[in-house]
Visitor: 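Before we start, here is the structure in question, set down as structure tokens.
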Amino acid sequence: MNIIQTLQQAVSAVVQQLYGESVEPAKVIINPTPADFEGDYSIVIFPLAKAARKSPDVAAQEIGEALRQQVVDISDFNVVKGFLNIHVSDRYWQTFLSESLNNPQFGRQPKNGSKVMVEYSSPNTNKPLHLGHIRNILLGWSCSQLLEAVGYDVVKVQIINDRGVAICKSMLSWQKFGEGQTPESTGIKGDHFVGDYYVLFEQKIKEEYTQWQKTPAADTAFEGRKKAEQSREDFFKEYKNKWFNDHSQLGAEVRDMLLRWEAGDKATVGLWRQMNGWVYQGFEKTYGDLGVGFDKLYYESDTYLLGKDIVEDGLGKGVFFKKEDGSVWVDLTDAGHDQKIILRSDGTSVYITQDLGTARMRYHDFGAERIVYVVASEQDYHFQVLFETLKRLGEPYANGLYHLSYGLVELPSGRMKTREGTVVDADDLMTEVIRIAGEQSGERAEMDGVSPEKQLENLRKIGLGALKFFIMKVHPKKKMIFNPEESVDLQGQTGPYIQYSYVRINGLMQRIEKEGISLDEAAQYGPILPQERDLLLAIHEYPAKVKEAAENYDPSLLANFCYDLARKYHRFWHDLSVFNADSSSARAFRLQLSRMTGHVLRSGMGLLGIEMPDRM
RNA sequence: GGUCCCAUAGCUCAAUGGAUAGAGCACCUGCCUUCUAAGCAGGCGGUUACAGGUUCGACCCCUGUUGGGAUCACCA
């Protein structure tokens, strides 16, 4: 039991003794004492003063006296305006430090026997991954790590959107214009290679459309369909999809290819496999560079027909209903949603049908009581409908569904747009941040004498640390402005700032090793100084912070915690000397405290998917 | 139009209903003869979009307003 829980229970008992009122220990509010006041923790007395029927200051004084009698680890207290500020004894902090150093599981909870599935990334296969995917992937990965840390068995999955019109466009484009080129023959990464043909297709379509606009058929369409006052230009902008479906030659060829794929045509399926294979090789590389992975991959080509049995099930249970034309619907108007189609009148499924089927399949595959879907906030409505529908169907996992909805990533210039070429490519971005790290490192010459491989490894960690922290420090729900220049900053509130505090610690640890310094005297040290207590308080808070981050699916809590801890360490480093401390017990204590800070920083950043360099 | 989300320093972000709303960037000033200055300290910068309400206490909860975004397809 840590000191906060001890205090809560003691306060509850004391209020009972003094005033005969019962207060739940968990309801006792205890915060770290703000810097300008004396103490480690502050108990908020206002709510208790009511039970005491005394003024907050009087009650605080009485409760403080009683607590000091009963809790051995309270060394002192003071009262300021209804706040009871508690000093925790050095003895408690000494014990805490040595116990946490001996606990390799510090910050983690034991296995809870429960299983959770986390779905993230889930890209289309017609284009390489971009900045938006990076946010998704980092959130998914970090949440997986967090859930594991608090005791869950985690299954990491993605569903790859490997079929449909998009990939057919790339296929057709390659078939017509590729001249037998391959990623191998051109030296282009597979996903970029396929993406290039997608872009080429869109170019060709644009050309075809421009040409078509000069034909009599276009005149007819314009005259027949234009809205009042609509310019020719505006009209054709709006008309593009309709044109693609009704008039485009390339459009017809793509639809034909999709039909052949659905019919299982050998040549088409073969081409599809080949091109997706290239894409997967590219994705593997990107995931590897990002340091993430999956336990199981689902493919839309395997799941897109799922869900039909659920339709029957839902009709039988009266959750769904059938309209005259044969289409099947679910009516969620009583839950504040609309009626939603589940099955088209021609009997084919829609997006949500597939998701219903996939959810059930996954439950059968893994038996996870909970599923976390990491998907952008654009699909909030979809997931509300999906979850509500699964609940009404009585699915056993329906209450454990969570949509980790995250805001869009925008550039300072606004949204990323494929057409305007403003999409930030994931591979390019990683290369760039690592390059900047190298540039900055070269000026510092701190890694001279380190092997080139090791240097590169450290630069990779620093560059990616900057990028990842920049993204992870923002609350998932908020849309974020991604300024490429700031994302590679290595100073201030950044990943490298935190890494640097770790590197400083690492330097100390190496010196202990080299000089064979004994740390036995640490326990004799005292009194503990404010800079040291600040560190201890922060470390003390770590397990609760991990739990909170996991429960809220919010890695940004942990990111901000790590920054705060690093800041405290830098201050400690600046203010107090470790090796030149006044006494050998002070030196030993500060080394132990540094070591523990290093453990927590490494562990916390690890949960964010950020690695620590050993020099920088 | 209905529903949902967001609004905090010039910019990017913090703040379980608790004390004087905090960091970083930018700008200005100091600090390397001592464990790595990717650091530390200080200055500048706020009507927490607006108006009410609940509360001993509100950036936080409730109501309304304004501004921005998303969504409401027999698309995925």
Visitor: Just checking, A/K473 and A/Y497: is the charged tip under 6.0 Å from the six-membered ring centre and within 45° of the axis?
Guide: no
Visitor: Check residues 404-415 of chain A and write down every donor-acceptor pair under 3.5 Å in which the side-chain atom is one partner and the other belongs to a residue at least two apart or another chain.
Guide:
residue: A/S405; atom: OG; partner: A/D380; partner atom: OD1; Å: 2.8
residue: A/Y406; atom: OH; partner: A/N136; partner atom: ND2; Å: 3.1
residue: A/R415; atom: NH2; partner: A/E378; partner atom: OE2; Å: 3.3

Visitor: In which ranges does RNA chain B form stems of 3 or more consecutive Watson-Crick or G-U pairs, distances under 3.5 Å?
Guide: B:1-7 with B:66-72, B:10-13 with B:22-25, B:27-31 with B:39-43, B:49-53 with B:61-65
Visitor: Looking only at heavy atoms, what is the nearest atom pair of A/S12 and A/V23, with distance?
Guide: OG-O, 2.6 Å
Visitor: Which nucleotide, B/A19, B/G39, B/C35, lies nearest any side-chain atom of A/Y497?
Guide: B/G39
Visitor: Tell me which nucleotide among B/A76, B/C40, B/G18 gets nearest to the side chain of A/P47.
Guide: B/G18
Visitor: Tell me whether the ring of A/F37 lies stacked over the B/A19 base, given a 5.5 Å limit on centroids and a 30° limit on the plane angle.
Guide: yes
Visitor: NA contact type, A/V503, heavy-atom cut-off 4.0 Å: base, sugar-phosphate, or nothing?
Guide: base
Visitor: Please work out if A/V578 contacts a base, only the sugar-phosphate, or nothing of the nucleic acid, heavy-atom cut-off 4.0 Å.
Guide: base
Visitor: Just label B/C32 as syn or anti from its O4'-C1'-N9-C4 or O4'-C1'-N1-C2 angle, using within 90° of 0 for syn.
Guide: syn
Visitor: For a quick check of understanding: with a heavy-atom distance under 4.0 Å over all strands, which category does A/Y563 fall into, base, sugar-phosphate or nothing?
Guide: sugar-phosphate
Visitor: Say you pick atom C1' in B/G39 and the same atom in B/U34; how far apart are they, in whole Å?
Guide: 15 Å
Visitor: Whole Å only: how far is the CD1 atom of A/I43 from the C1' atom of B/A19?
Guide: 15 Å
Visitor: Pick the P atom in B/G18 and in B/G57, then give their distance to the nearest Å.
Guide: 14 Å
Visitor: Over how many whole Å does the gap from A/D534 atom CG to B/C40 atom C1' extend?
Guide: 15 Å
Visitor: Which nucleotide wins on minimum distance to the side chain of A/Q491, given the candidates B/A19, B/U71, B/G39?
Guide: B/G39
Visitor: Is A/E119 close to A/Y298 at the side-chain level, that is, under 4.5 Å between some pair of heavy atoms?
Guide: no
Visitor: Grab the CG-P distance between A/D448 and B/U36 for me, whole Å please.
Guide: 14 Å
Visitor: Report yes if a side-chain nitrogen or oxygen of A/Y381 is closer than 4.0 Å to either non-bridging phosphate oxygen (OP1 or OP2) of B/A76; otherwise report no.
Guide: no
Visitor: Counting any heavy atom closer than 4.0 Å, what does A/F579 reach on the DNA or RNA strands: base, sugar-phosphate only, or nothing?
Guide: base
Visitor: Could you tell me if the side chain of A/S594 sits less than 4.5 Å from the side chain of A/M509, heavy atoms only?
Guide: yes
Visitor: Below the 4.0 Å mark, does B/A70 have OP1 or OP2 next to a side-chain nitrogen or oxygen of A/R415?
Guide: yes
Visitor: I want to confirm an ordering. Mapping A/R615 and A/Y41 to their closest nucleotides on RNA chain B, which one lands closer to the 5' end?
Guide: A/Y41
Visitor: Can you check the distance between B/U47 and B/C4, where both ends of the measurement are the C1' atom (answer in whole Å)?
Guide: 29 Å
Visitor: Base, sugar-phosphate, or nothing for A/N31, non-hydrogen atoms under 4.0 angstrom?
Guide: base
Visitor: Using a 4.0 Å heavy-atom cut-off across all strands, classify A/E300 as base, sugar-phosphate, or nothing.
Guide: sugar-phosphate
Visitor: Report the relative orientation of the aromatic rings in A/H337 and A/Y381; use parallel for angles under 30°, tilted for 30 to 60°, perpendicular for over 60°.
Guide: perpendicular
Visitor: Would you kindly check if the NZ (Lys) or CZ (Arg) of A/R511 is within the cone defined by 45 degrees around the ring axis of A/F579 and under 6.0 Å from the six-membered ring centre?
Guide: yes
Visitor: Contact between A/L558 and A/V546 at the side-chain level, heavy atoms closer than 4.5 Å - yes or no?
Guide: yes
Visitor: Measure from the side-chain heavy atoms of A/R567 and tell me the nearest of B/U71, B/U20, B/A23.
Guide: B/A23
Visitor: Nucleotide by nucleotide, 5' to 3', does protein get under 4.0 Å of the base (B), only the sugar-phosphate (S), or neither (-) in nucleotides 3-14 of chain B, counting heavy atoms?
Guide: --SSS----SSS
Visitor: Over how many whole Å does the gap from A/I462 atom CD1 to B/U36 atom C1' extend?
Guide: 12 Å
Visitor: Check whether the side chain of A/N85 and the base of B/A19 form a donor-acceptor pair under 3.5 Å.
Guide: yes
Visitor: So, are A/R435 and A/E432 salt-bridged, with charged N and O less than 4.0 Å apart?
Guide: yes
Visitor: Donor-acceptor pair, distance only, cut-off 3.5 Å: does the side chain of A/H133 make one with the backbone of A/H130?
Guide: yes
Visitor: Is the shortest heavy-atom distance from the side chain of A/K468 to the side chain of A/M605 under 4.5 Å?
Guide: no
Visitor: Which part of the nucleic acid does A/P56 contact within heavy-atom distance under 4.0 Å: base, sugar-phosphate only, or nothing?
Guide: nothing
Visitor: Over how many whole Å does the gap from A/I30 atom CD1 to B/G17 atom P extend?
Guide: 16 Å
Visitor: Taking the minimum atom-to-atom distance to the side chain of A/S42, which one of B/A19, B/U71, B/G39 wins?
Guide: B/A19
Visitor: Salt-bridged, A/E521 to A/R587, with N to O below 4.0 Å?
Guide: no
Visitor: So if I take every side-chain heavy atom of A/L508 and compare against B/C35, B/U71, B/A76, which nucleotide ends up nearest?
Guide: B/C35
Visitor: If I pick the P atom on B/C40 and the same atom on B/G24, what distance separates them, to the nearest angstrom?
Guide: 8 Å
Visitor: Would you call the rings of A/Y402 and A/Y553 parallel, tilted or perpendicular if under 30° counts as parallel and over 60° as perpendicular?
Guide: parallel
Visitor: Take atom P in B/C61 and the same atom in B/A70, then report the distance between them in whole Å.
Guide: 24 Å
Visitor: Expressed as a whole number of Å, how far does the C1' atom of B/C11 sit from that of B/A26?
Guide: 8 Å
Visitor: Under 4.0 Å, counting only non-hydrogen atoms across every strand here, what does A/I517 touch: a base, just sugar-phosphate, or nothing?
Guide: nothing
Visitor: When rounded to the nearest Å, what value does the distance between P atoms of B/U16 and B/G22 take?
Guide: 14 Å
Visitor: Nearest-Å distance, CG (A/D355) to P (B/A76)?
Guide: 11 Å
Visitor: Take atom P in B/U3 and the same atom in B/A73, then report the distance between them in whole Å.
Guide: 16 Å
Visitor: At less than 4.0 Å, is any side-chain N or O atom of A/R344 found next to OP1 or OP2 of B/A76? Yes or no.
Guide: yes
Visitor: Any chance you could lay out the side chain to side chain donor-acceptor pair (under 3.5 Å) test for A/E62 and A/Y19, step after step, and finish with the verdict?
Guide: CA-CA 10 Å; A/E62 290 177 357; A/Y19 313 119; 2.6 Å; yes
Visitor: Could you check how far NE2 of A/H382 sits from C1' of B/A73, rounded to whole Å?
Guide: 14 Å
Visitor: Does a side-chain N or O from A/R571 land closer than 4.0 Å to OP1 or OP2 of B/A41, or not?
Guide: yes
Visitor: Ring stacking, A/F83 with base of B/A19, under 5.5 Å and under 30°?
Guide: yes
Visitor: Could you state the atom-to-atom distance from CZ of A/F383 to P of B/C72 in whole Å?
Guide: 13 Å
Visitor: Of all the choices, B/A76, B/U71, B/U20, which nucleotide is nearest to the side chain of A/V350 once you look at every atom?
Guide: B/A76
Visitor: Which is true for A/I29 with a 4.0 Å heavy-atom rule: it touches a base, it touches only sugar-phosphate, or it touches nothing?
Guide: base
Visitor: Pick base, sugar-phosphate or nothing for A/E446, based on heavy-atom distances below 4.0 Å to the nucleic acid.
Guide: base
